[in-house]
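Written out below as structure tokens is the structure these notes cover.
In the text below, chain A, chain B and the rest are named by the order of the sequence lines, each starting its count at 1. Values reported hereafter were calculated over all heavy atoms of this structure, with side chains retained and with hydrogens, waters and symmetry mates removed.
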Amino acid sequence: MPPSPEELLAGLNPEQRRAAETLEGPLLVLAGAGTGKTRVITYRIAHMLARFIEPESVLAVTFTNKAATEMKERIAALVGKADAERLSVGTFHAFCVRRLRQHADKLGFSKGFSICDASDQQSAVKAAMRELRIPEKTLHPGLVQSRISLAKNQLLSQSELLERSGGDEELVCAVWERYDAALRRQRMLDFDDLLLQTLKLLQEHPRALRSFRERWQYVLVDEYQDTNGPQYEIVRLICQEHRNLCVVGDDDQSIYSWRGADVRKILGFAKDFPGAEVVRLETNYRSTKDILEAANRVIAHNIGRHPKELRAHAGPGQPVCTFEARDEEDEADFIASEIGFLVRRGDAAWRDVAILVRTQVQPRAFEARLRAAGVPYRLVGGMSFFDRKEIRDLLAYLKLVANPDDESSLLRILNCPPRGVGKTSVERVLAWATERGLSANHAFARAEEIEKVPAAAKKAVVELLETLAELGRRRGGKRLVETLKEMVGRVGYQQEVERCYPDPQTRQVRWAAVEELYNFAENYARRSGKPSLAGFLEELALNAADQQDDDGQDQDAVALMTLHAAKGLEFPRVYLVGLEEGILPHSRAVAEGGVDEERRLMYVGVTRAREHLTVSYAAERARFGRRSATTPSRFWYELLGEAPPEGWTPIEDQRAAAVR
DNA sequence: AACATGCCGGTTTTT
DNA sequence: CCGGCATGTT
């Protein structure tokens, strides 16, 4: 028997209840950290179903896969699995992929498109720059890529970007043009295109728009403060008529502006949707009063926020601890041994503890020390599994089976195992291909027409492509793992591993990665209703970061992660480390005028803690292999409610002083 | 074509 | 201090 509406709502406080009950019309829920946001969302959806709203007409989008999974699970616990599965719950990107597979023909591309990951993007940008003869010294490929991506996420067209005269816009646009063409040629869409193409579908195909509107009568957007241009437009178009849109978020936790997210979207919701109801959740059920007050002290330094005051539900608790380390080793050492001590004394479990860092390089010092102290840990979001050469190679092979036009994958594995195709041959084929707008595989297939490419090389590649195509054709009904294993056999990958690693021990380690990929495919096939190669690759592309805790989710270990990865999570004990000018706030953010966002990041970190919070910094830190003295972060003093000492200099002024 | 060496340049955050 | 890339060597 599903719970009645009354039973459902009885467990909520008055504001939460109002948010869960208001089903019709636009609704903005301003949910401060730890105020039971997820609870409101899940109860609200359960309440909808209890009011006989069809599950199929409900769309709930989240920002991360983790959040989507959690939401699904918590709804299923309330309303049962059967109904929960009929809801559309997922990330924007996952939602868009699905729609695009359905409607690809209307947009003029194949529904078998593949998703371009970060390294594919990188190589596409580099190739475009090579074509345009832009040396990488003048303009960094990574920078160009992020400029293109940011423009897409801000809904800027190339001509609009050009209007922003600043200097290198022309170059960026030229690369952008080529980059898009290369992706089209390879039947690929990057993450940003997934959103843009969906938007285009809705803008240019009234029938599609109408079907979206009819289907998703009730829309809910989580983490609304992180919504970027295309996402906002997609939501707006779907909801414009029925206006049953509920957005939930917290402007103080907006930490993705660098990806095109715009805080003004949440600040201006009532203007975008006139008549919107606003509910504020201000009772924090997560943290002790001491921790919450520290968080409030920090965020109070930001201006232009939605006014709100978080009230602690819990008692005062322990004061926030501080640790001033000599250097990063000392910092890691102290924290590792304190955690070891606490857990062994029985005051905490490993899984209760998180160490939060600003950048991806900070965990290194911690990993060594945690291991030395016998503290089990898991690095969240590090992608290490997919960084391994073997995995990347095999994924490239798989991607080629799914999409033979995928150029960066072909180039990656072309000569691995060695097939006697040299650099110059590849260059000639590529040049020939770009001249006539063909993708690399087609060029290789017609390699006889190309001058000065050794016959053996042509033959080898053609054979390779044929083998992969055959695998693709013949895999109907076959299990994914079988295909994978067959592929490994056919291309002689095992021999390649053996050739590269004559030492039996390293060879064993390397080969283990391959077997891990087999497991991975098995897991996927088990989990998914209708496993397919495309589905597998899609999940890897959309889900890459979350994949690794597939087997580590319920692992009892200390979590080590960036502040960005920590959003939405909570832990009884949190260590917030590296509170130094230049790290948090990050020097680059300071240079770009992004201190407010850094402060929000700090705020997110502080509010992850339930009972114990320790903040630390190192007085000296190695950077680029050089060690040098640091300055405690401004946030350190803001959190403690102290004025910085005499002679303390923030990082902007340090640079100014250095110039002088 | 495969391997070795040396240089330079770089560290924000991620779907 | 790392890793990637561009050269140079067999």
Within 45° cone of A:Tyr603 ring axis and under 6.0 Å: A:Arg599 NZ or CZ: no

Spacing of A:Leu150 atom CG relative to B:dT12 atom P, expressed in whole Å: 15 Å

Whole-Å gap separating P (B:dT12) and NE2 (A:His140): 11 Å

Nearest-angstrom distance from the residue atom NZ of A:Lys567 to P of B:dT13: 16 Å

Closest-nucleotide 5' rank along DNA chain B - winner of A:Val421 and A:Glu592: A:Val421

Donor-acceptor contact present, side-chain A:Arg419 to main-chain A:Ile413, <3.5 Å: yes

Residue-phosphate contact under 4.0 Å: A:Thr64 side-chain N/O, B:dT14 OP1/OP2: no

Touch class at under 4.0 angstrom, heavy-atom based, for A:Phe92 against every strand present: nothing

Between C1' of B:dT12 and CG of A:Leu143, the distance in whole Å: 13 Å

Non-hydrogen side-chain atoms of A:Phe191 and A:Leu542 separated by less than 4.5 Å: yes

Closest listed nucleotide, where the reference is the side chain of A:Phe191 and the choices are B:dT12, B:dT13, B:dT15: B:dT15

Between B:dT14 (P) and A:Leu542 (CG): distance, integer Å: 16 Å

Minimum-distance nucleotide (side-chain atoms of A:His564 versus B:dT15, B:dG9, B:dT14): B:dT14

Rounded distance (Å) that lies between atom C1' of C:dC1 and atom CZ of A:Arg364: 9 Å

Mutual orientation of the aromatic rings belonging to A:Tyr493 and A:Tyr397 [parallel < 30°, tilted 30-60°, perpendicular > 60°]: perpendicular

Other residues, nucleotides, ligands: >12 heavy atoms within 6.0 Å of A:Arg364 CZ: no

Among B:dT13, B:dG10, B:dT14, the nucleotide that comes nearest once only the side chain of A:Arg358 is considered: B:dT13

Give me, pair by pair, the N or O atoms of the protein and of nucleotides 4-7 of chain C that are less than 3.5 Å apart, along with how far apart they are.
unit_1: C:dC5; atom_1: OP1; unit_2: A:Lys126; atom_2: NZ; d: 2.6

Stacked pair A:Tyr256-B:dT13, distance under 5.5 Å, angle under 30°: no

Parallel, tilted or perpendicular: ring planes of A:Trp258 versus A:Tyr256, cut at 30 and 60 degrees: tilted

Distance, rounded to the nearest Å, where A:His93 contributes NE2 and B:dT15 contributes P: 9 Å

Under-3.5 Å donor-acceptor pair between A:Trp258 side chain and B:dT13 base: yes

SB check A:Glu538 A:Arg101 (cutoff 4.0 Å): yes

Atom-to-atom span, CG of A:Leu560 to C1' of B:dT13 - whole angstrom: 15 Å

